[in-house]
Amino acid sequence: MSTNQNNLPAIISHCKEYGFIFPSSEIYDGLSAVYDYGQWGVELKKNIKDLWWKSMVYMHENIVGIDSAIFMHPTIWKASGHVDNFSDPMIDNLDSKKRYRVDHLIEGFVENLDAEKGAQIIADMELLLAKDDFDGLKNMIVNLGIKCSVSNTCNWTNVRQFNLMFSTQLGSVAEESDTIYLRPETAQGIFVNFLNVQKTGRMKIPFGIAQIGKAFRNEIVARGFIFRMREFEQMEMQFFVRPGTQKEWYEHWKETRMKWHLALGIPQEKYRFHDHVKLAHYADAACDIEYDFPMGFKEVEGIHSRTDFDLTQHQLYSKKKMQYFDNDIDEATGKAFGNYIPYVIETSIGLDRTILMVLSEAYTEEDLSTAEKQDSRVVLKFPIKIAPIKLAILPLMKKDGLAEIAKELMQSCSEHFFCFYEEKDSIGKRYRRMDALGTPFCVTIDHQTKEDGTVTIRYRNSMEQERIHMNDVKELVMKSMH
RNA sequence: GCGAAAGUAGCUCAUUUGGUAGAGCACGACCUUGCCAAGGUCGGGGUGGCCGGUUCGAGCCCGGUCUUUCGCUCCA
């Protein structure tokens, strides 16, 4: 499967040691699957957000952004189907301590029966599931004599609901308050603002609304460093299209998004599409863009053709029309297309997963040993446009006015991109430190700089260096950032 | 959630059968130096993940717990 050796532990440790990502609440023993971004991680994250935002919003005149609240009206999650579908009834076997999803347990049992009998049981189960009749489900399991595959006993707990949405109270007095949820996806904030944006922005179909924001899912098992966290950040775009055109737009966005990934400098063979066979209740087509992580191919981004499910549901539950009036002429009838509920193509990429992808791709251990001496370096080969630090400015020594020249250069560059100044330690050591942070360029100010204004520029990937005029440094870095 | 492994300084790790914790690197100051992990001197930093038990005495033995990694499981 994966062509990588699993260097995830090395990446995690590097992230912590060099100030990219820390375990949350570490001095209190940590909090499972929660991480904080440190001084360089936050720069990396911000650069990736900016890159996505530019490519989606600035580069498409028919896409605009919004920033909706995490708290939303609880009915939104009924309309979206999350209250009913985003939870799984579970049951535990008391002897083996093994936990099962009730539907999986029953389906597994049915596999060994003849088809007719099995179909009846499944039908009964679906009825009970639809009614949230947990006692009924428990009785069904007991009556059928379904045993745990590990302990081989029928010693079951009651059926319990594990909702993947976090809930909290709105209002300071719990008794008077409503239960509200932390949003499990950012998409609904876009759907409920669909008409606000369409009308105030005078948007014509096809058009898109983009959003970057946090979402929360109470995963039973969250694991894999920042791959699956309970609090995570999504970058989503919902693209509203005329019904009947969704297939071509789905293909369009599949292609467009894959181009974005390849523009990160990641080779094609590290990606693959994974088409969903079993579609979610809202979709008529769906696929994932998967990246070859250290632990194998996993989803980074999802592209879903969500039909008119969400807007129709909101129209139903809110009793507000979610229609769009299309003035364009339908060639088939010679008349305007008129009122309809648009179809939606969604692109949804996990920001934290993208960061893990970029880190996995960039993390490189190099052996630089020669016959005389053993040597190695760890270098993060980030694409220049997302590197946390673009340029390190290093006076060869503090004295003789070299630091002053370096500070001047620092000042003139800092308003354009993020620079790092360092005068401690030997130049070789400073280069290695910048490699570990993924800084693509280092310039060194020496005595010759005082004479002719030239500096040594050193390139991260090749470790080569050349002399250029210090007035050209800013230009060189800025050009390379595109 | 189940199973396995791990947790000692910022990092990588020692401390072989229980006897009041050590190295290298890193960090800070000063001196020497100056283009790919420099040398010297001095210095800061650990109630051994946490809690409890056994013991005269626990980093080491026992129990519990937390966290991480790996494999299952889960992932509208």
Side-chain angles (χ1 to χ4, degrees), chain A residues 6 8-14 16-19 22-35 77 80-88 90-93 96-101 104 148-151 157 162-165 184-185 187 217-225 227-228 230 276 278-283 286 288 294-295 298-299 302 304 306 309 366 368-370 373-379 394-400 402 423-436 442-448 455-460 462-467:
Chain A
N6 192 340
L8 188 59
I11 291 169
I12 294 168
S13 153
H14 189 89
K16 192 192 158 201
E17 186 172 359
Y18 287 94
F22 308 119
S24 162
S25 319
E26 203 185 4
I27 61 169
Y28 290 98
D29 269 349
L31 188 61
S32 184
V34 184
Y35 292 89
W77 305 113
S80 70
H82 283 84
V83 171
D84 293 328
N85 294 311
F86 210 60
S87 59
D88 303 311
M90 309 288 275
I91 191 164
D92 293 4
N93 184 277
S96 67
K97 308 286 183 205
K98 196 160 168 55
R99 176 171 294 169
Y100 295 87
R101 260 177 71 168
H104 288 189
C148 167
S149 58
V150 177
S151 65
T157 62
F162 287 80
N163 197 302
L164 290 170
M165 286 195 290
E185 63 174 25
R217 294 182 194 180
N218 200 2
E219 302 279 358
I220 298 164
V221 180
R223 208 133 351 119
F225 193 37
F227 183 82
R228 177 169 289 116
R230 296 195 172 93
H276 289 201
K278 197 180 162 199
L279 294 168
H281 58 276
Y282 53 73
D288 298 333
M295 59 282 194
K298 303 266 188 188
E299 175 187 358
H304 297 179
R306 293 183 77 127
F309 176 83
E366 286 184 355
L368 304 173
S369 295
T370 58
K373 113 178 172 179
Q374 266 206 333
D375 199 5
S376 66
R377 67 167 183 164
V378 172
V379 50
L394 316 169
L396 196 56
M397 50 186 107
K398 277 186 256 188
K399 54 187 184 182
D400 298 337
L402 298 186
E423 59 186 28
K424 275 188 203 312
D425 293 316
S426 76
I427 194 67
K429 192 174 281 187
R430 282 181 272 172
Y431 285 156
R432 296 304 167 83
R433 225 164 11 224
M434 286 301 111
D435 287 342
C442 297
V443 296
T444 305
I445 284 81
D446 61 13
H447 287 104
Q448 199 184 328
V455 296
T456 306
I457 185 157
R458 181 262 194 189
Y459 302 101
R460 178 193 64 199
S462 64
M463 297 174 74
E464 281 167 5
Q465 42 193 34
E466 57 181 330
R467 285 202 87 84

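Bear in mind that the values here come from a model prediction, so they are computed numbers and not experimental data. Quick note on labels: first sequence line is chain A, next is B, and so on, each numbered from 1.
Rounded to whole Å, the separation between the P atoms of B/C31 and B/A37 comes to 24 Å. Only the C1' atoms considered, B/G22 is 36 Å distant from B/G71, to the nearest whole Å. B/G1 and B/U65 are spaced 11 Å apart, taking the P atom of each and rounding to whole Å.
The nucleotide whose nearest atom lies closest to any side-chain atom of A/Arg467 is, among B/C35, B/C74, B/U69, B/C35. In the set B/C11, B/A37, B/C36, the nucleotide with an atom closest to the side chain of A/Ser376 is B/A37. Of the candidates B/U12, B/C70, B/G10, B/U12 carries the atom nearest the A/Ser13 side chain, counting heavy atoms from C-beta on. Looking at the side chain of A/Gln465, the nearest of the listed nucleotides B/U69, B/C35, B/A76 is B/C35. Here the side chain of A/Arg223 is nearest to one of B/G34, B/G71, B/U67, namely B/G71. Closest approach to the A/Asp425 side chain among B/U68, B/C27, B/C36 is made by B/C27 (side chain taken as heavy atoms from C-beta onward).
Of the side-chain N and O atoms in A/Lys429, one or more sit less than 4.0 angstrom from OP1 or OP2 of B/A38. OP1 or OP2 of B/U68 sits under 4.0 Å from a side-chain N or O of A/Ser32. At B/C27, one or more side-chain N or O atoms of A/Arg433 fall inside 4.0 Å of OP1 or OP2 (strictly under the cut-off). Remark: A/Lys16 is in phosphate contact with B/C11, judged by side-chain N or O atoms under 4.0 Å from OP1 or OP2.
In this structure, A/Lys424 reaches the sugar-phosphate backbone alone: every heavy-atom distance under 4.0 Å involves primed, P, OP1 or OP2 atoms, never a base. Residue A/Glu26 is out of contact with every strand shown, counting any heavy-atom pair closer than 4.0 Å. Across all strands shown, A/Ala436 has no heavy atoms under 4.0 Å from either base or sugar-phosphate atoms. Using a 4.0 Å heavy-atom distance criterion, A/Tyr35 is classed as a sugar-phosphate-only contact. Across all strands, A/Glu299 comes closer than 4.0 Å to no nucleic acid atom at all (heavy-atom distances). Residue contacts shown for A/Ile12 are limited to sugar-phosphate atoms, with no base heavy atom under 4.0 Å away. Using a 4.0 Å heavy-atom cutoff across all strands shown, A/Phe225 reaches sugar-phosphate atoms only and no base atom.
Across all strands shown, B/A29 forms a Watson-Crick or G-U wobble pair with B/U41, both key distances being under 3.5 Å. The partner of B/A6, taking Watson-Crick or G-U wobble pairs whose two distances both stay under 3.5 Å, is B/U67. Shown here, B/A21 forms no base pair; nothing in the strands shown gives a Watson-Crick or G-U wobble contact with both key distances under 3.5 Å.
Residue whose closest nucleotide on RNA chain B sits further toward the 5' end, between A/Lys298 and A/Thr444: A/Thr444. Where A/Arg228 and A/Gly428 each meet RNA chain B at their nearest nucleotide, the meeting point lying more 5' is that of A/Gly428.
At a cut-off of 3.5 angstrom, counting only N and O atoms as typed in the model, there is no donor on one side facing an acceptor on the other between the side-chain of A/Asp435 and the base of B/C36. Between the side chain of A/Ser80 and the base of B/A76, no donor-acceptor pair of N or O atoms lies under 3.5 Å. In terms of polar N and O atoms assigned as donor or acceptor, the side chain of A/Arg458 comes within less than 3.5 Å of the base of B/C36 in a complementary pairing.
Remark: C1' of B/C11 and OH of A/Tyr18 are 8 Å apart, rounded to the nearest angstrom. Taking atom CZ of A/Arg377 as the reference point, atom C1' of B/C36 lies 9 Å away to the nearest angstrom.
Side-chain atoms of A/Arg432 come within 3.5 Å of backbone atoms of A/Ser376 as a donor-acceptor pair (strictly under, hydrogens ignored).
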